[in-house]
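All remarks here apply to the structure that follows.
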2 protein chains.
Amino acid sequence: MELKETEKRLLEAVSKVVEEEGFTKIGINRIARQAQCDKVLIYRYFGGLDGLLVAWAKRYDFYSFAYSEFSNQVIQAKSSNLREIIKKVLLKQLEYLKENQLMQELYIWELSGNSSFRVIQIEREKSGHKLQQELEKRLNGQCVDCKFYITVIIAAINYIVLFTRQYNMFNGIDFSQSETWNKLEKIISDYVDMFFEVKSNVNIKSNKQ
Amino acid sequence: MELKETEKRLLEAVSKVVEEEGFTKIGINRIARQAQCDKVLIYRYFGGLDGLLVAWAKRYDFYSFAYSEFSNQVIQAKSSNLREIIKKVLLKQLEYLKENQLMQELYIWELSGNSSFRVIQIEREKSGHKLQQELEKRLNGQCVDCKFYITVIIAAINYIVLFTRQYNMFNGIDFSQSETWNKLEKIISDYVDMFFEVKSNVNIKSNKQ
DNA sequence: TATATTTGTCACCAAATAGTGACACAGATA
DNA sequence: TATCTGTGTCACTATTTGGTGACAAATATA
């Protein structure tokens, strides 16, 4: 189904307001002003602010987009070197989030517990779960706790990006320097190597590689 | 200098509003209502909302409190088993943040980029840096990248706690179950073991232990 | 042609927001 | 006694917020 001109304008207005003022400032009036249309149309077309936000998140669909990109990498790649795939996926997540300001706002919004996003969260979780399952299939029980190890890294990536968006220093480290980010990538890569080696040594003695 | 009765009431009102409604709802009127005093007193005593918030954060001083507790553990402990100290510090951070709802709100507030908290952030960073330096002194160049490895774990802890405050599932893992948290503790502990072993093997061949 | 329905404009509401000026009353100081 | 200063109350502004009902024009349908 095609979107009306005004609906598109409203959805774009959401992006603009979020980009310019952050998610805290979001409101019916503010968005209507940005879209240069009457706020009553938000109620008519989307049933209110919550409906508009859900429609917005679904349309731009950051979550699925991000995860599907990762999934593709996982699925396409030959299962030969799973370790490298995981590294790629994690570093891609870092790069993607770091560059995508709108997605950062969305993540913080999500953390702040806005009720509108419960619905979105379920969708997001599905995408995430699909990726996890795909990974697990490949791992084939090799690395039982992989899921956890990876999740910890993803959480770290998210937090560091969100935090350093506002502040240069985190935990005594200066993230305003690009070398720090290179270092971080190396650390992530190292961590993957570590749990891969430790775990695979324990669980399957010797591997093909 | 002693605090006036009304000033105390105002500071406590901030805590209550944050606890009950989260940081997004904070405002002059809302706080004055909670403290049952006139909002004009906020302007008189603190120069406005920002001043009040800064005073609040300084008084309750979560950051320094948390970090000083950690520092004490690091300083008191004999340097014999540094690895265990780091584990303790990290697990303590997890436990502390998980239990302290007010601190969670503060962290999210911080992430959201409220301008009032730039000042606080500098104080916080000092405490964090002190701990890092203490650690580095003990490490004595043994583990060059320790700082980074630890920072990644801390970031992960923060994100997971903040996220699961709102949602049960993160990345396909169900954090509503207490076993999951036990597992997480184990994973963190494992990670510390990993980078300790890998790094110390590389950098100093054989260790006392 | 006549009748609905969609699409949008406008005026209004009650409530909440941040912020200010005036004033009343206390206790301390001259 | 008279004055000054800290403390608090009250009333008022202007703006913004979310939300609703009435109405005009355009479009589609009969």
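Sequence lines set the chain letters: A, B, ... in the order given, protein chains first and strands last, and positions in each chain run from 1.
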May I have the distance from F46(A) (atom CZ) to dT7(C) (atom C1'), rounded to whole angstrom? 14 Å

Between E95(A) and K98(A), does at least one N-O distance fall below 4.0 Å, as a salt bridge requires? no

Can you find a pair of side-chain heavy atoms, one from M194(B) and one from Y149(B), that are under 4.5 Å apart? no

The single option from I153(A), I154(A), I86(A) that satisfies side-chain contact (heavy atoms from CB on, under 4.5 Å) with I188(A) is I153(A)

Would you mind writing out the side-chain donor-acceptor pairs for residues 21-29 of chain A within the sub-3.5 Å range, not counting sequence neighbours?
| from | atom 1 | to | atom 2 | distance (Å) |
| --- | --- | --- | --- | --- |
| E21(A) | OE2 | R30(A) | NE | 2.7 |
| E21(A) | OE2 | R30(A) | NH2 | 2.4 |
| N29(A) | OD1 | K39(A) | NZ | 3.0 |

Starting at atom CD of Q36(A), determine the distance to atom P of dT9(C), rounded to an integer number of angstrom. 10 Å

Counterpart residues, side chain to side chain donor-acceptor pair (under 3.5 Å), relative to K183(B) (two or more places apart): D145(A)

Letter by letter from the 5' end, nucleotides 13-20 of chain C scores (B base, S sugar-phosphate only, - none; protein heavy atoms under 4.0 Å) ----BBBB

Interatomic distance where CG belongs to L41(A) and P belongs to dG18(D) [whole Å]: 15 Å

